[in-house]
Amino acid sequence: MKVIAKVAKAFGMFWWNFLVGDTPELFVSVVALLVVTAVFKTGHARVLMVALPLVILASLAASVFRAIRRR
Amino acid sequence: MILGTITTSSSVLILAVFLATAVEMVEALTIVVAVGHTRGWRSAFEGVGLALLALTALVGAFGPALLRIPINNLRLIVGSVLLIFGLQWLRKAILRSSGFKAKHDEDAIFAETVAALSQAGRTQRDSLAFVTAFKGVFLEGLEVVITVLTLGSSAHQLVLASWVAVATTLLVTIVGVLVARQLSSVPENAMKMTVGVLLVSYGTFWCGEGLGIHWLGADAALAMLAGTYFVGTWILIVIAKNVRLGVPQ
């Protein structure tokens, strides 16, 4: 049992560091973006094709300037 | 006439399987070369090896039943992970290019890695490189398998379709080996920025497809996404440099 718990913890920590790490804002913005896209995809596919990359770039900009402010 | 019909039908099948396989394998190759060049080839190849084993096991175990896999769900999961990972890389590359982060902290990382490797023997693996290479090859490989099964079964020429897919994969691999050698002369931060742009582009593309968005121009939309992200990243670097130098925005 101890081995299974250890492996599960290591697995969870790996994904936490991989996806969240020191940039939780990127993780949250991508999840939020996917939820919004899933909700509004019907009838707005053309708009989403343009909006998706722009919103992703805006999230990146927010994360970069958050890092700059913290220095 | 019959011979002519068979030849035409086979030619169309060969062309379709060749193009579909080439597109998917170039996508997988891009990820593997990028990850291998920046994080280390050993872990990247291990990821590729495991993905090929998993694909072989899947095809052996399920065969045509693979056509029922919800590929869009898989695209959404893999796309989300690549998108987050790619954004993390782009963020670091922008901070380095604008001078907010040291460009040469790789030297310290390299020294630490060498020290860790010499202590731990040869069993250390770069998990990020391994997982990214595995997912890229597994997803693209699965798409090739599904394409071959779909086109090959419907044309009643599954063996021919399979051989075309194998030959195309080998061809793309040879091209990849040649291209990978040229990449060693590219500056590291520029390479990491390019990898970040590519991962974010693939991530956006797959997330969109996974959510049911049919991109304008199909796979060609990837080039447009990459172009948009390159320009966006360049603008962010210029703004960040100006902030560092105290230039009013």
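We name chains A, B, ... by the order of the sequence lines, and we start the count at 1 in each one. No experiment lies behind these values; they were computed from the predicted model shown.
With a 4.5 angstrom heavy-atom cutoff, L128(B) touches chain A via backbone and side-chain atoms both. Interface remark: V31(A) contributes no atoms to any contact with chain B (heavy atom separation under 4.5 Å). Within the 4.5 angstrom heavy-atom criterion, only side-chain atoms of L95(B), from C-beta onward, approach chain A. Within the 4.5 angstrom heavy-atom criterion, only side-chain atoms of F85(B), from C-beta onward, approach chain A. When heavy atoms are compared at a cutoff of 4.5 Å, I213(B) approaches chain A solely by way of its side chain, counted from C-beta outward.
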Before you tell me yes or no, could you show the steps for V64(A) and I239(B) under side chain to side chain contact (heavy atoms under 4.5 Å, CB included), namely the whole-Å CA-CA distance, both residues' side-chain angles and the distance that decides it to 0.1 Å? CA-CA 11 Å; V64(A) 166; I239(B) 295 172; over 6 Å; no
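Among the candidates V20(A), I68(A), L48(A), the residue making the largest number of heavy-atom pairs closer than 4.5 Å to chain B is I68(A).
Considering all non-hydrogen atoms of both residues, L57(A) and L236(B) come closest at O-CD1, 4.3 Å. Minimum heavy-atom separation, L19(A) to I84(B): O-CG2, 3.2 Å. Considering all non-hydrogen atoms of both residues, L211(B) and A38(A) come closest at CD2-CB, 3.7 Å.
No side-chain heavy atom of L60(A) sits under 4.5 Å from any side-chain heavy atom of V200(B).
Applying the ring-ring contact (aromatic ring centres under 6.0 Å, His included) test to residues at least two apart or on different chains, none of the pairs has a partner in residues 47-71 of chain A.
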No hydrogens needed, just list the donor-acceptor pairs between chain A and chain B under 3.5 Å.
residue	atom	partner	partner atom	Å
F18(A)	O	Q88(B)	NE2	3.4
L19(A)	O	Q88(B)	NE2	3.3
T23(A)	OG1	Q88(B)	NE2	3.4
K41(A)	NZ	L211(B)	O	2.7
S63(A)	OG	R91(B)	NE	2.9
R71(A)	NH1	F100(B)	O	2.9

